[in-house]
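Letters go in sequence order (proteins before strands), and every chain restarts at 1. The figures here come from the full heavy-atom set of this structure, side chains too, leaving out hydrogens, waters and symmetry mates.
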Amino acid sequence: MSLNIIVLAKQVPDTRNVGKDAMKADGTINRAALPAIFNPEDLNALEQALRLKETYPGSKVTLLTMGPARAAEIVREGMYRGADGGIVLSDRAFAGSDTLATSYALSAAVRKIGDYDIIIGGRQAIDGDTAQVGPQIAEKLGLPQITYAEEIISADGGEVVVRRRIESGVETVRAKMPLVVTVNSSAEPCRPRNAKCLQKYKYAAVPSEVASDEEKKSFIEKRGYLAIGEWNAADVEADLSQCGLAGSPTKVKSIENVVFTAKDARRIENSDEELEGLVKELIASHTIG
Amino acid sequence: MTDKNNIIVYCEYEDGKVADVSLELLTKGRQLADRLGIKLEAVVAGAGLKNVEKQILPFGVDTVYKVDDDRLSPYTSLPHSSILINLFKEIQPRIAFMGATSVGRDLGPRVSSALHSGLTADCTALEIGDYTDVKNGTEYKDLLYQIRPAFGGNIVATIVNPECRPQMATVREGVMKKEVRDSNYTGEVVDLDVNKYTRPEDFVVEIIDRHVEKSKVNLKGSPIVVAGGYGVGSKEYFDFLYKLADTLGGEVGASRAAVDAGWADHDRQIGQTGVTVRPKLYIACGISGQIQHIAGMQDSSIIISVNSDPNAPINSIADYVITGKVEDVLPKLIKYYKKNSK
């Protein structure tokens with residue numbers, strides 16, 4: 001049986017390389033100032049989707065991401081690795097969304113896609129680490145959820161069997177489709193780009209990326225598979241009062257760079273005498289030994 | 001919305017025991033309830049809950065809501081969410097806490113979505129304070145400050161939910177302290193009927209196999225922690241940390257950067273999104289000291305920083321700073337420990 005799979009992906013700032021101008025005055029993230037990457041656990045999610053596509057021929061993998069038009073980069077990246085296409089959900093009205101407003105907008109887009117069996121996303125994104133959007137989308141769509149998934153073992157006869165990795169060990173669960181699955185980083189890493197896919201989808205784009213280039217525009221129009229969807233709030237019939245800052249119950253009160261109350265640290269030279277002295281001191285104070 | 005309402009903690013329960021993280025949250029909840037002059041409540045759902053209140057009431061809990069049914073254990077998302085959603089609609093808590101565990105982080109978002117209330121994950125501090133909305137000047141008294149490192153631990157953010165209730169937060173195990181209020185504290189026990197709070201279709205997710213693994217790593221209980229960061233340089237150099245930990249009788253931890261680099265397993269991660277430790281001795285090797293890491297180890301009694309960068313931020317909270325390469329310093333520490341210990 002073939003499946004329609006939606007992969008939720010997020011383009012995230014690489015939080016491992018954060019500069020001083022990373023935050024805006026209102027406490028939200030200045031994404032423009034940071035290198036943008038495919039959220040790591042969303043790649044684990046994509047791999048699970050691509051494996052299902054191999055197991056169940058005829059399945060279709062659609063990436064869904066919310067962000068500015070440049071987020072089309074990760075849809076293309078997903079297509080290079082084997083996804084069939086994708087949609088960028090983009091609107092100024094979504095700016096400043098907390099997890100609840102984000103899940104509202106994404107669930108509206110999922111409803112518009114309509115035909116789906118499994119929605120798979122990473123457990124959490126590295127810029128927020130909240131792990132909230134997956135379960136919140138499930139709730140908004142009235143679907144069951146399986147979080148902390150490590151492997152989707154099967155998806156037969158309207159049911160999935162999933163192995164989860166949680167603190168206390170491993171759990172294998174069965175649930176009916178459709179449902180939402182969020183995937184851990186302990187799952188298999190995503191396969192690299194495929195040369196054929198790269199060739200095929202090199203010119204894939206959202207309309208706004210090629211708006212001023214008639215040649216590219218008509219090139220894409222002739223080859224439908226290169227068209228990445230670009231939807232705004234109106235396209236998904238989103239209620240604006242539930243989007244962006246207005247739709248976010250949580251507000252950032254303040255952002256601080258924490259200054260630690262400095263202790264009076266003792267500097268120990270990297271010499272035999274001083275290191276031996278330190279070890280002796282720690283033994284004498286019963287800290288070690 | 002009335003702010004006379006109470007604080008409630010979702011208590012995780014398995015194998016006859018309420019989880020430590022839940023008891024830690026009850027302790028924090030009691031402090032905040034005192035500060036606000038309101039009651040502390042707890043809700044526990046599971047199987048075999050006969051005397052569970054005996055574990056909960058001593059933390060100063062005024063009401064324990066119990067939902068006892070075989071189908072509620074082990075935990076699955078839908079029935080536990082339904083119980084919380086329906087109970088919260090009824091009693092309208094002002095504040096709700098749950099552990100930032102694989103249960104709490106599965107449950108919390110679902111509940112917050114259904115109630116359209118905000119939720120802040122992995123808080124490292126919870127306080128009460130006022131808030132003025134800069135846009136319209138509205139003033140709010142006595143909100144819950146949900147404080148957490150954000151953005152990869154590069155900053156600390158204080159989050160509030162001015163309009164929506166409950167104000168919800170999750171906290172990791174070990175972040176708050178666990179403290180019995182009064183072993184004879186008396187509170188009310190309310191048994192809830194599972195069929196009133198769940199629907200039959202909530203029981204669609206079936207656990208077909210469960211394999212409980214005891215974690216091999218006992219970071220939380222170890223008196224000595226030798227932790228490595230990106231500055232260690234390679235997976236091979238992490239061996240020096242294992243050797244030192246082995247020699248001293250400690251456990252090896254790691255910063256997020258080292259875990260992300262694949263040099264250490266996830267269960268060794270120390271920090272906001274990992275384990276919080278309070279050992280007697282913490283040896284930070286090649287760890288720069290991002291806020292999210294420091295949040296998980298700053299209460300260590302003695303901190304030694306081994307770093308080739310003399311200005312690494314972690315040095316500012318260290319008791320001893322050794323400027324040098326990990327692969328250089330650690331073998332010497334091992335050598336001199338062996339020489340000087342009996």
Side-chain angles (χ1 to χ4, degrees), chain A residues 15-16 18 22-23 27 29 98-100 103 126-132 135-136 138-140 144-148 161 166-176 186 249-258 260 262-263 265-268 270 272 275-276 278-280 282-283 287-289, chain B residues 77-78 101-102 105-106 109-110 112-114 116-122 131 145 151-152 154-164 204-213 224 248 257 266 273 280-281 291 302 315-324 328-329 332-333 336-337 340-341:
Chain A
T15 48
R16 291 161 292 200
V18 173
M23 304 303 292
I29 296 165
D98 71 359
T99 64
L100 206 59
S103 61
I126 58 167
D127 56 345
D129 288 326
T130 69
Q132 286 171 194
Q136 286 175 335
E139 194 282 331
K140 298 219 177 298
Q145 69 196 38
I146 299 175
T147 53
Y148 292 84
V161 175
I166 52 181
E167 295 106 350
S168 55
V170 177
E171 222 176 57
T172 308
V173 300
R174 187 185 0 237
K176 286 204 164 54
S186 63
T250 57
K251 312 285 175 200
V252 177
K253 179 185 167 283
S254 56
I255 291 284
E256 285 162 55
N257 284 309
V258 169
F260 296 104
K263 288 189 194 168
R266 254 181 59 199
R267 298 260 164 190
I268 310 284
N270 179 16
D272 289 273
L275 290 177
E276 184 167 15
L278 170 65
V279 169
K280 281 182 174 170
L282 293 173
I283 292 173
T287 304
I288 55 177
Chain B
S77 315
L78 296 177
T101 59
S102 56
R105 297 174 109 235
D106 182 88
R110 220 171 155 107
S112 87
S113 174
H116 192 79
S117 72
L119 169 65
T120 305
D122 296 345
Y131 169 71
Y145 286 178
F151 208 43
N154 293 280
I155 47 148
V156 170
T158 301
I159 313 285
V160 291
N161 305 350
E163 294 287 349
C164 303
V204 291
V205 175
E206 181 195 355
I207 297 178
I208 49 185
D209 182 46
R210 207 153 181 268
H211 178 66
V212 177
E213 295 170 346
I224 296 169
L248 299 178
H266 272 103
T273 52
K280 229 163 41 161
L281 176 63
I291 294 161
I302 293 179
N315 292 354
S316 68
I317 62 155
D319 299 274
Y320 300 94
V321 172
I322 305 169
T323 303
D328 225 29
V329 173
K332 289 183 194 164
L333 292 176
Y336 291 120
Y337 178 77
N340 289 288
S341 68

(message) Applying side chain to side chain contact (heavy atoms under 4.5 Å, CB included) to B:K332 and A:N270, what does each step give before you reach the verdict?
(response) CA-CA 9 Å; B:K332 289 183 194 164; A:N270 179 16; 3.3 Å; yes
(message) Using a 4.5 angstrom heavy-atom cutoff, name the option from B:Y145, B:Y320, B:Y336 with the most pairs to chain A.
(response) B:Y336
(message) What I want to find out is whether A:R174 reaches B:E206 closely enough, with some N-O distance under 4.0 Å, to be called a salt bridge.
(response) yes
(request) Using a cut-off of under 4.5 Å on heavy-atom pairs, state which of B:S77, B:A257, B:G324 scores highest against chain A. (result) B:S77
(request) Let me know if A:V173 has heavy atoms under 4.5 Å from chain B in its side chain, its backbone, both or neither. (result) both
(message) Test of understanding: with side chain to side chain donor-acceptor pair (under 3.5 Å), list the residues that count as partners of A:S186, not counting sequence neighbours.
(response) A:E150
(request) Could you check which of B:T120, B:D328, B:L119 has the highest count of heavy-atom pairs closer than 4.5 Å to chain A? (result) B:L119
(request) Could you look at B:H116 and say if it's the side chain, the backbone, both or neither that has a heavy atom under 4.5 Å from chain A? (result) both
(request) Identify which of B:I208, B:L281, B:T323 forms the greatest number of heavy-atom pairs closer than 4.5 Å to chain A. (result) B:I208
(message) With a 4.5 angstrom heavy-atom cut-off, is it the side chain or the backbone of B:A114 that approaches chain A, or both, or neither?
(response) both
(message) Please classify the contact between B:I224 and chain A as side chain, backbone, both or neither, with a heavy-atom cut-off of under 4.5 Å.
(response) side chain
(request) Give, as side chain, backbone, both or neither, the part of B:S117 having an atom under 4.5 angstrom from any heavy atom of chain A. (result) backbone
(request) Determine, for B:Y131 and A:K251, whether the Lys NZ or Arg CZ falls below 6.0 Å from the six-membered ring centre while staying within 45 degrees of the axis. (result) no
(message) Can you confirm whether B:V321 sits close enough to A:I268 that some side-chain heavy atom of one is under 4.5 Å from a side-chain heavy atom of the other?
(response) no
(message) Need one label for A:K280: side chain, backbone, both or neither, based on atoms under 4.5 Å from any heavy atom in chain B.
(response) side chain
(request) Can you sort out the partners of A:R266 under salt bridge (Lys or Arg N to Asp or Glu O under 4.0 Å), two or more places apart, ordered by chain and number? (result) A:E281
(request) Pick one of side chain, backbone, both or neither for A:I283, based on which atoms fall under 4.5 Å of a heavy atom in chain B. (result) side chain
(request) Counting only heavy atoms closer than 4.5 Å, note whether B:L78 contacts chain A via side chain, backbone, both or neither. (result) side chain
